[in-house]
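Residue numbering restarts at 1 for every chain, and letters A, B, ... go by the order of the sequence lines.
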Amino acid sequence: MRLYNTMTNQKEDFKPIEENTVKMYVCGPTVYNLFHLGNARPFIIFDVLRRYFIYKGYDVKYIQNFTDVDDKIINAANEAGITSKELSEKYIAEYLTDAHALGIHDADANPKVSEHIKDIVGLIEDLVAKGFAYNVDGNVYFRVSAFPEYGKLSKQPLDDLMSGARIEVNDEKENPLDFSLWKKYKEGEPYWDSPWGKGRPGWHIECSAMSRAYLGETIDIHGGGQDLVFPHHENEIAQSEAANGKPFVKYWLHNGYINVDDVKMSKSLGNFFMIRDILKEFDPEVVRLFILSVHYRNPLNFSDESLKQIESGLERLYNVKNDLLFKIEHAQNIEMSTDEKQWTEALQKHIDDFEKSMEDDINTAKAVSSLFEMGKDINIHTDEHTSREALQAAYDCFMQPAKVLGLLAKSNELLDEDIQNLIDERQQARADKDFKRADEIRDLLKAEGIILEDTREGVKWKRS
RNA sequence: GGCGGCAUGGCCAAGUGGUAAGGCAAAGGUCUGCAACACCUAUACCCCCGGUCCGAGUCCGGGUGCCGCCUCCA
């Protein structure tokens, strides 16, 4: 497995710290709102990476936090006249609803800031004790000048950062680059006790603290969107490495943005599309396939048109799956011929292609194409290979990569008796060459969202 | 200003220096009672100009255009 490491700006061979184990931390949502398509990209990408590691037999420890203490949450809660806790609980539930709809598996843990104040305070104490942080009247800041490697992830020379830094209104800091670890209590904000008085954690410290609490001082993979590289991840490195005296992360993975009209989708620009709204119009797997159809580090342009294209492609994959199921149902229980054996073994080539793509820096776009190629292979040969065993083998083979990608999870439910009766009636009409009646029934069912296809083995149906 | 990314057929999009994957759409055909599905067929001077090389979409230099980070942001 090769992964592009933001730290070194190149693809590197993945070697886990512990044999056969992957420790992953992915920055989760700040829960003050529903999440949008841009937010969904890392969730889906890293979900697929995690699934792939599991598929390859790794023991994956996957942590994704919920930021439930934050300025935006406080503001939104005050506006709504509820507590921060009430607001964040609501949006955690909403996050899970959308994430589950998108087929994103739950992390092994979703730690919340509000439940890890002790870990956070402990980490800040370590930093203060080692001279990497200082307290000014209840506000604690990280002393950037004490950490010479600051800027190594974003490749920002310290001097440039200094000169580019905004003029601070706050002159408590020793240096404008110093950032908040602990914020002194203000009226109307949630607070906890600490050695520096009442207050709450700054934004960056939570990931360092919770990552250490759940995964240890050095982890394999840390993921997130490119916009987190600076300052968030840069600050995480400073905090963790200063406190622990050890490397924090082996591989830094950052996904590209989702654009609208070639401009970054973001809340501040207001050009975002909520997952909730997209799912009113499109199947969640369309969203998944859309995101996976482009390499994760490239920009991905969103439009209704592109989702429609993807929708048609997904339908093609479902046709392969459902054709196979239909044929398996109608197949004969005869022994696999030598020919069939050879063919089912040859299908393995597509699995190999799939794995090769995935292992080349998670090239899901290419991985998806091998799924399409396998589908075509199956469509071509499925007429000549008719034993149940061969068809079942093809099905199992086809579903393997699909499962890693989190696609093709839906199955055709059973039909109502009324509809089955109509289908039977239409078959009789066709046998009687009453094509007018047959077409009538087909149109009727089509209007109800059921599409009929006549095949050698009988009538197939699917939902439109 | 500093750091970084991108430019491939009508649209989307892969591409490890050796004469361009895959998907969508449109066209013709096969199959079908008609369809649908599926299959078959045709379809790309890889933004421009130089350079290296037997050979470059792929490497180097220079342009042009677009985007991102440097401030909350996936």
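- Rounded to whole Å, the separation between the P atoms of G61(B) and C67(B) comes to 24 Å.
- Between C73(B), C39(B), G22(B), one nucleotide has an atom nearer to the side chain of Arg316(A) than all others, and that is C39(B).
- At a cut-off of 3.5 angstrom, the base of C11(B) holds at least one donor-acceptor pair with the side chain of Gln309(A).
- U71(B) and G65(B) have their P atoms separated by 27 Å, given to the nearest Å.
- Note: Tyr95(A) and Phe66(A) have perpendicular aromatic rings, judged against thresholds of 30 and 60 degrees for the angle between ring planes.
- Pairing partner, A7(B): U64(B), with both Watson-Crick or wobble hydrogen-bond distances short of 3.5 Å.
- C6(B) and U58(B) are spaced 13 Å apart, taking the P atom of each and rounding to whole Å.
- The phosphate of A36(B) (OP1 or OP2) has no side-chain N or O of Trp461(A) nearer than 4.0 angstrom.
- Distances were taken from every side-chain heavy atom of Phe372(A) (C-beta onward) to each of G22(B), A14(B), C73(B); the shortest belongs to G22(B).
- Using a 4.0 Å heavy-atom distance criterion, Leu452(A) is classed as a base contact.
- Look at U58(B): it lacks any Watson-Crick or wobble partner with both distances under 3.5 angstrom.
- Taking the C1' atoms as reference points, C3(B) lies 47 Å from A42(B), given to the whole Å.
- Within the nucleic acid shown, Gly313(A) comes within 4.0 Å of sugar-phosphate atoms alone, with no base atom in reach, counting heavy atoms only.
- Between Lys264(A) and Asp227(A), at least one side-chain nitrogen of the basic residue sits less than 4.0 Å from a carboxylate oxygen of the acidic one, meeting the salt-bridge criterion.
- With both ends at atom C1', the span from G15(B) to C59(B) equals 15 Å, rounded to whole Å.
- Taking atom P on both nucleotides, A20(B) is separated from G9(B) by 15 Å, rounded to a whole Å.
- Side-chain proximity of Val263(A) to C24(B), C69(B), G68(B): nearest is G68(B).
- Here Lys376(A) reaches the OP1 or OP2 of C40(B): one of its side-chain N or O atoms lies under 4.0 Å away.
- Shown here for Ser370(A) and His350(A), the closest heavy-atom pair between the two residues is CB-O, 3.9 Å.
- Searching all strands for a Watson-Crick or G-U wobble partner of A44(B) with both distances below 3.5 Å returns nothing.
- In the interface, the side chain of Asp454(A) is paired with the base of C34(B) through a donor and an acceptor atom under 3.5 Å apart.
- Heavy atoms of Asp227(A) sit under 4.0 angstrom from at least one base atom.
- Distance from the side chain of Asn319(A) is smallest to A38(B) among A35(B), A74(B), A38(B).
- With a cut-off of 3.5 Å on both pairing distances, C34(B) has no Watson-Crick or G-U wobble partner at all.
- Closest to the Ser268(A) side chain, of the nucleotides C69(B), C73(B), A14(B), is C73(B).
- Judged by centroid separation below 5.5 Å and plane tilt below 30°, Phe435(A) stacks onto the base of G33(B).
- A donor-acceptor contact under 3.5 Å is not formed by the side chain of Lys308(A) with the base of C24(B).
- The ring of Phe179(A) has its center closer than 6.0 angstrom to the ring center of His204(A).
- The aromatic ring centroids of His105(A) and His100(A) lie 6.0 Å or more from each other.
- Here the side chains of Lys250(A) and Ile221(A) are not in contact, with every heavy-atom distance at 4.5 Å or above.
- Here A74(B) is the nucleotide among A74(B), C3(B), A13(B) with the atom lying nearest to any side-chain atom of His36(A).
- For the pair Leu408(A) and Ala402(A), the tightest heavy-atom approach, listed with the atom from each and the gap, is CD1-CB, 3.8 Å.
- If you check distances only, the side chain of Arg442(A) never reaches the base of A36(B) with a donor-acceptor pair under 3.5 Å.
- Between the side chain of Glu373(A) and the base of G22(B), no donor-acceptor pair under 3.5 Å is found.
- Spacing between A21(B) and C60(B) at atom C1', rounded to whole Å, works out to 27 Å.
- Using a 4.0 Å heavy-atom distance criterion, Lys433(A) is classed as making no nucleic acid contact.
- Arg456(A) contributes no side-chain N or O that forms a donor-acceptor pair with the base of C31(B) under 3.5 Å.
- Minimum atom distance to the side chain of Ile380(A) is reached by C40(B), of the listed G33(B), C40(B), A74(B).
- The phosphate of C39(B) has OP1 or OP2 within less than 4.0 Å of a side-chain N or O from Asn379(A).
- For U8(B) and C47(B), the P atoms lie 6 Å apart once the distance is rounded to whole Å.
- Contact annotation: Asn298(A) side-chain N/O to A13(B) OP1/OP2 distance is not under 4.0 Å.
- Closest-nucleotide positions on RNA chain B for Phe43(A) and Lys462(A) were compared, and the one nearer the 5' end corresponds to Lys462(A).
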